[in-house]
Amino acid sequence: LREHEEFTKVKNISRIELGRYEVDTWYFSPFPPEFSDCSKLFFCEFCLSFLKRREQLSRHMKKCDLKHPPGDEIYRNGTLSMFEVDGKKNKVYCQNLCYLAKLFLDHKTLYYDVDLFLFYILCECDDRGCHMVGYFSKEKHSEEGYNLACILTLPPYQRKGYGKFLIAFSYELSKKEGKVGTPERPLSDLGLLSYRGYWTRVLLDILKKHKGNVSIKELSDMTAIKTEDVISTLQSLELIQYRKGQHVICADPKLLDRHLKAAGRPGLEVDPSKLIWTPYK
Ligand code: ACO
Ligand code: ZN
């Protein structure tokens, strides 16, 4: 696939229709060859089937009876819902999702092997159904300790705090597993900004509360953020020094507040008490 992509890395599909939105795409995505002559695709917002023409989509919508993603609803808070979809049990849905997501993800290869992943779909629900806002994928078993493979907020919903919600959610799952986690690399620019913002807020809130009397290991245990990410975040804020073979954290309240202000908005909050989930076995 990599090679094929290198040769044909021209953006083919330039626009999509999805639910009530028309969206300009960002990157190439390797849709099947029969779609190579299309500049626009029409997606069913529920099962993520994609079609060449609006009339085909209208016909599809008359017989498609999904009103939410397949899989299990594992979180509900007001109008926000999260569904867990198993790539093995709902293969076509997850493949469609990967085609769609690749339109907005650059240096990520498409997973044909969706079997090995779980997909967490964030929805805003109303009387018409549960509308996908974004998602992240997660390996069922990660050798490298990744708790998130790919993350996407659909462009019409970006910059409203959903990305930080998805990131927070990935760490809540890690806490339930009793593990620390880290996102798969490389991160995109927007991915890194979102993670940096999330890590900064979570870690500085704890440092403030504990008036600095907390170790890197404790920070990691409390947040499920891998120690390397704790250290790199504190280093980038110049809140950590390496003295006599040990990391020493600085927690001057004024400095913490200044960094917190600069860290951006908190994002939509995850209420862990509303998560009903057991780790994949
Ligand atoms: N310009 C500048 N900064 C931005 C922008 C933007 N257009 N969008 C997001 N950010 C930064 C900001 O710091 C923002 O925090 P703030 O609003 O408090 O300042 C922060 O990212 C996160 O904002 P959210 O609203 O919580 O996140 P959003 O819902 O926009 O989702 C995401 C972030 C998922 C990275 C989104 O931009 C996206 O889907 N991008 C395309 C796909 C992608 O790059 N995914 C990450 C790849 S790496 C990986 O998958 C492991
Ligand atoms: Zn459908």
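Remember, it's a predicted structure, so these values are computed and weren't measured experimentally.
Both Leu18 and Val85 sit in one connected hydrophobic cluster of ILVMFWY residues. Membership requires side-chain heavy atoms under 4.5 Å apart, directly or through other members. Val270 and Tyr157 fall within the same hydrophobic cluster, defined by Ile, Leu, Val, Met, Phe, Trp and Tyr side-chain heavy atoms under 4.5 Å apart, directly or through other members. When hydrophobic clusters are built by joining Ile, Leu, Val, Met, Phe, Trp and Tyr residues whose side-chain heavy atoms come closer than 4.5 Å, directly or via intermediates, Tyr21 is grouped together with Trp26. Residues Tyr280 and Phe169 are members of one and the same hydrophobic cluster, defined by side-chain heavy-atom contacts under 4.5 angstrom among Ile, Leu, Val, Met, Phe, Trp and Tyr. Hydrophobic clustering, with ILVMFWY side chains joined whenever heavy atoms are under 4.5 angstrom apart, keeps Leu51 apart from Phe35.
The backbone N or O of Leu190 sits less than 3.5 Å from a side-chain atom of Ser194, completing a donor-acceptor pair. Between the His259 side chain and the Leu237 main chain, a donor and an acceptor come within less than 3.5 Å of each other. Checked by atom type and distance alone, the side chain of Lys102 pairs as donor or acceptor with a backbone atom of Phe28 at under 3.5 Å. Looking only at distances, a side-chain donor or acceptor of Gln158 sits under 3.5 Å from a matching main-chain atom of Thr153. A distance-only check finds no donor-acceptor pair linking the side chain of Ser39 to the backbone of Ser14 [under 3.5 Å]. Under a 3.5 Å cut-off, the side chain of Lys211 and the backbone N or O of Asp252 do not form any donor-acceptor pair. Within the 3.5 Å criterion, the main-chain N or O of Trp199 finds no donor-acceptor partner in the side chain of Arg201. The backbone N or O of Phe31 sits nowhere less than 3.5 Å from a side-chain atom of Ser29 that would complete a donor-acceptor pair. Judged by distance alone, with hydrogens and angles left aside, the side-chain atoms of Ser170 form a donor-acceptor pair with the main-chain N or O of Ile167 at under 3.5 Å.
Looking at Cys123 and Glu73, their side chains never come closer than 4.5 Å, going by heavy atoms from C-beta outward. Contact annotation: the side chain of Met132 approaches that of Leu97 to within less than 4.5 Å [non-hydrogen atoms, C-beta and beyond]. At a threshold of 4.5 Å between non-hydrogen side-chain atoms, the residues Val180 and Thr223 do not count as touching. Leu187 has its side chain within reach of Pro183: a pair of non-hydrogen atoms, C-beta onward, lies under 4.5 Å apart. Here the side chains of Tyr146 and Leu148 are not in contact, with every heavy-atom distance at 4.5 Å or above. Counting heavy atoms from C-beta outward, Ile16 and Ile13 have side chains that approach closer than 4.5 Å.
In this structure, Asp115 does not pair ionically with Lys140, as no charged nitrogen and carboxylate oxygen lie closer than 4.0 Å. With respect to the salt-bridge test (charged N to carboxylate O, under 4.0 angstrom), the residues Lys138 and Glu84 do not qualify. Using a 4.0 Å cut-off between a side-chain N of Lys or Arg and a carboxylate O of Asp or Glu, Arg128 and Asp126 qualify as a salt bridge.
Rounding to the nearest 0.5 Å places CD1 of Ile121 at 9.5 Å from CZ of Phe83. To the nearest 0.5 Å, atoms CD (Gln235) and CD (Gln241) are separated by 10.5 Å. With rounding to the nearest 0.5 Å, the separation of CG in Leu166 from OH in Tyr135 is 10.5 Å. Distance check: Leu255 CG to Lys208 NZ gives 12.0 Å after rounding to the nearest 0.5 Å. Between the CG atom in Leu260 and the CG atom in Asp205 there is a gap of 5.5 Å [rounded to 0.5 Å]. Summarising the geometry, atom CG belonging to Leu256 is positioned 6.0 Å from atom CG belonging to Leu239; distances are rounded to the nearest 0.5 Å.
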Checklist entry - Where do Glu17 and Leu41 land on the side-chain contact (heavy atoms from CB on, under 4.5 Å) test, with the steps shown first? => result CA-CA 6 Å; Glu17 254 189 53; Leu41 284 184; over 6 Å; no
Checklist entry - Stepwise, does the side-chain contact (heavy atoms from CB on, under 4.5 Å) test hold for Lys40 with Arg54? => result CA-CA 10 Å; Lys40 185 166 173 184; Arg54 179 169 291 118; 3.9 Å; yes
Next on the checklist: Please determine whether side-chain contact (heavy atoms from CB on, under 4.5 Å) holds for the pair Cys47 and Leu66, giving the CA-CA distance in whole Å, both sets of side-chain angles, and the decisive distance to 0.1 Å.
Outcome noted: CA-CA 7 Å; Cys47 73; Leu66 268 187; 3.7 Å; yes
Checklist entry - Do Val214 and Met222 pass the side-chain contact (heavy atoms from CB on, under 4.5 Å) test, and can you show the C-alpha distance, the side-chain angles, and the key distance before you say yes or no? => result CA-CA 10 Å; Val214 53; Met222 281 185 253; 3.5 Å; yes
Next on the checklist: Run the salt bridge (Lys or Arg N to Asp or Glu O under 4.0 Å) test on Asp271 and Lys274 for me, step by step, so that the C-alpha distance in whole Å, both residues' side-chain angles and the decisive distance to 0.1 Å come before the verdict.
Outcome noted: CA-CA 6 Å; Asp271 178 350; Lys274 304 219 151 74; 3.2 Å; yes
Next on the checklist: For a salt bridge (Lys or Arg N to Asp or Glu O under 4.0 Å) check, start with the C-alpha distance between Lys217 and Asp221, then their side-chain angles and the critical distance, and finish with the verdict.
Outcome noted: CA-CA 6 Å; Lys217 175 76 170 57; Asp221 289 343; 2.9 Å; yes
Item to check | Residue pair Asp229, Thr182: steps toward the side-chain hydrogen bond (donor to acceptor under 3.5 Å, both in side chains) verdict | outcome: CA-CA 8 Å; Asp229 297 333; Thr182 190; 2.6 Å; yes
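Ring to ring, Tyr27 and Phe104 are not that close: their centroids are 6.0 angstrom or more apart. Checked against a 6.0 Å centroid threshold, the rings of Phe165 and Tyr75 count as neighbours.
Crowding of Asp37 atom CG: a count of heavy atoms from other residues, nucleotides or ligands under 6.0 Å exceeding 12. Atom CZ of Arg185 sits in a crowded spot, with more than 12 heavy atoms from other residues, nucleotides or ligands closer than 6.0 Å. Shown here is Glu238, whose CD atom has no more than 12 heavy atoms of other residues, nucleotides or ligands within 6.0 Å. Within a 6.0 Å radius of CD in Gln246, other residues, nucleotides and ligands contribute 12 heavy atoms or fewer. For Lys89, the NZ atom is loosely surrounded, since the number of other residues' heavy atoms within 6.0 Å does not exceed 12. Counting non-hydrogen atoms of other residues, nucleotides and ligands closer than 6.0 Å to CD of Glu22 gives a total above 12.
Aromatic ring pairs are classed by plane angle as parallel below 30°, tilted from 30° to 60° and perpendicular above 60°; the pair Phe43 and Phe50 is tilted. Between Tyr198 and Tyr171, the two ring planes are parallel [angle under 30°; tilted spans 30° to 60°].
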